[in-house]
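These notes are about the structure you will find just below.
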Amino acid sequence: MVSSIMEDEDREVEKTEDKQIQTLEIQSIQYEGYKCELQMPDIMRLIQADLSEPYSIYTYRYFIHNWPNLCYIARHGSKYVGAIVCKLDYHKGAVTKRGYIAMLAVDENYRKRKIGATLVKKAIEAMILDMADEVVLETEVTNKAALQLYERLGFVRDKRLFRYYLNGVDALRLKLWLK
């Protein structure tokens, strides 16, 4: 019985130490806006590792060069571990100013540390400063982690897009109303 209690105490100490390490790791993540073309290979590496769609460098440049203030990068030391790429323009005949989250990726070794949520929040804050009315995105219906992340941030499922992706998987369009 005494050894059982000691084992339980040891497990609790290990859990506490693990939480402290995770907290330090989260605090050591730095977030920055896009600065220059030299960051492009790292952004592309992160996104190509995660997303099912193959994007050319021109797609990245279209978003990042037109809306550099809506691209954020997460860094741990000198390593880029997350990136978000967005745009903001008028939708439906210049009635609604719509933000669009085009790409979000977090290195698989850095997941579950709120990096994705922080990147999304930073992008949304920048869109709000630019007077966005709403934010939309698409994600695969099978991407449970992404759906949970966005729904925790207030996005709602707006529409199912059948066979939307090149791999034949359906997408869900998610929307967040800001006004």
Side-chain angles (χ1 to χ4, degrees), residues 18 21-89 98-130 132 135-155 157 161 164-176:
D18 287 346
I21 289 169
Q22 285 179 340
T23 300
L24 288 173
E25 289 174 345
I26 290 170
Q27 292 172 346
S28 68
I29 302 296
Q30 301 296 312
Y31 297 90
E32 58 189 50
Y34 176 78
K35 293 179 184 152
C36 70
E37 182 78 14
L38 295 174
Q39 295 169 311
M40 192 71 70
D42 289 306
I43 294 169
M44 291 176 64
R45 173 188 53 81
L46 282 163
I47 292 169
Q48 288 171 347
D50 274 359
L51 301 187
S52 61
E53 297 292 289
Y55 296 115
S56 75
I57 186 129
Y58 302 108
T59 302
Y60 292 95
R61 285 183 175 146
Y62 165 75
F63 285 102
I64 296 171
H65 289 186
N66 285 307
W67 298 277
N69 62 314
L70 299 179
C71 177
Y72 290 90
I73 302 163
R75 193 170 38 82
H76 184 241
S78 62
K79 180 180 180 181
Y80 290 107
V81 297
I84 190 166
V85 175
C86 307
K87 75 174 192 168
L88 178 64
D89 56 10
R98 175 181 273 186
Y100 178 69
I101 298 175
M103 305 168 210
L104 170 67
V106 176
D107 183 302
E108 66 181 343
N109 297 314
Y110 287 83
R111 293 187 182 149
K112 305 286 185 199
R113 301 179 193 190
K114 300 185 184 337
I115 295 170
T118 302
L119 289 167
V120 172
K121 288 176 186 177
K122 287 189 169 298
I124 291 170
E125 288 168 6
M127 290 179 200
I128 290 170
L129 289 174
D130 281 344
V135 181
V136 298
L137 62 100
E138 295 89 23
T139 189
E140 291 184 358
V141 295
T142 56
N143 192 340
K144 304 292 183 218
L147 290 168
Q148 288 175 350
L149 165 73
Y150 291 117
E151 288 173 345
R152 271 195 313 267
L153 294 172
F155 285 82
R157 297 175 188 206
L161 305 166
Y164 182 80
Y165 292 102
L166 293 175
N167 62 6
V169 174
D170 294 354
L172 284 172
R173 176 164 296 137
L174 302 176
K175 187 180 282 189
L176 175 69

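Computed over heavy atoms, backbone and side chain alike; hydrogens, waters and symmetry mates excluded.
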In Å and rounded to the nearest 0.5 Å, what is the [atom1] to [atom2] distance from [X] to [Y]?
| X | Y | atom1 | atom2 | answer |
| --- | --- | --- | --- | --- |
| I57 | M40 | CD1 | CE | 5.5 Å |
| K35 | C71 | NZ | SG | 11.5 Å |
| L149 | I115 | CG | CD1 | 12.0 Å |
| L46 | I73 | CG | CD1 | 8.5 Å |
| C86 | N66 | SG | CG | 13.5 Å |
| E53 | L166 | CD | CG | 4.0 Å |

Listed partners of [X] passing side-chain contact (heavy atoms from CB on, under 4.5 Å), at least two apart:
| X | answer |
| --- | --- |
| K87 | Y62, F63, W67, D89, Y100 |
| S78 | none |
| K79 | V81, D107, Y110 |
| N167 | S52, E140, Y165, V169 |

Nearest heavy-atom pair of [X] and [Y]: which atoms, and what distance?
| X | Y | value |
| --- | --- | --- |
| T139 | L174 | CG2-CD1, 4.2 Å |
| I43 | A83 | CG2-CB, 4.3 Å |
| Y31 | A74 | CE2-CB, 3.6 Å |
| P68 | Y34 | O-CB, 3.8 Å |
| I124 | L176 | CD1-CD2, 3.6 Å |
| A146 | N143 | N-OD1, 3.1 Å |

Please answer whether the main-chain N or O of Y60 pairs with a side-chain N or O of Y58 as donor and acceptor at a distance below 3.5 Å.
no

Under a 3.5 Å threshold, yes or no: a donor from one side chain and an acceptor from the other, between Q39 and Y80?
yes

State, yes or no, whether a side-chain contact exists between V85 and I47 at a heavy-atom distance under 4.5 Å.
yes

Are Y150 and L172 side-chain neighbours, meaning at least one heavy-atom pair lies under 4.5 Å?
no

Which pairs pass salt bridge (Lys or Arg N to Asp or Glu O under 4.0 Å) with one or both residues in residues 60-78, sequence neighbours excluded?
E32-R75, E37-R61

Pairs meeting criterion ring-ring contact (aromatic ring centres under 6.0 Å, His included) with involvement of residues 37-57, two or more places apart:
none

Begin with the C-alpha distance, continue with both residues' side-chain angles, and end with the deciding distance and a verdict on side chain to side chain contact (heavy atoms under 4.5 Å, CB included) for L104 and L137.
CA-CA 10 Å; L104 170 67; L137 62 100; over 6 Å; no

Considering the options K175, R157, R173, which one meets the salt bridge (Lys or Arg N to Asp or Glu O under 4.0 Å) requirement together with E138?
R173

Evaluate the side chain to side chain contact (heavy atoms under 4.5 Å, CB included) criterion for residues L51 and M103: first the C-alpha distance (whole Å), next the side-chain angles of each, then the deciding distance (0.1 Å), finally the verdict.
CA-CA 8 Å; L51 301 187; M103 305 168 210; 4.0 Å; yes

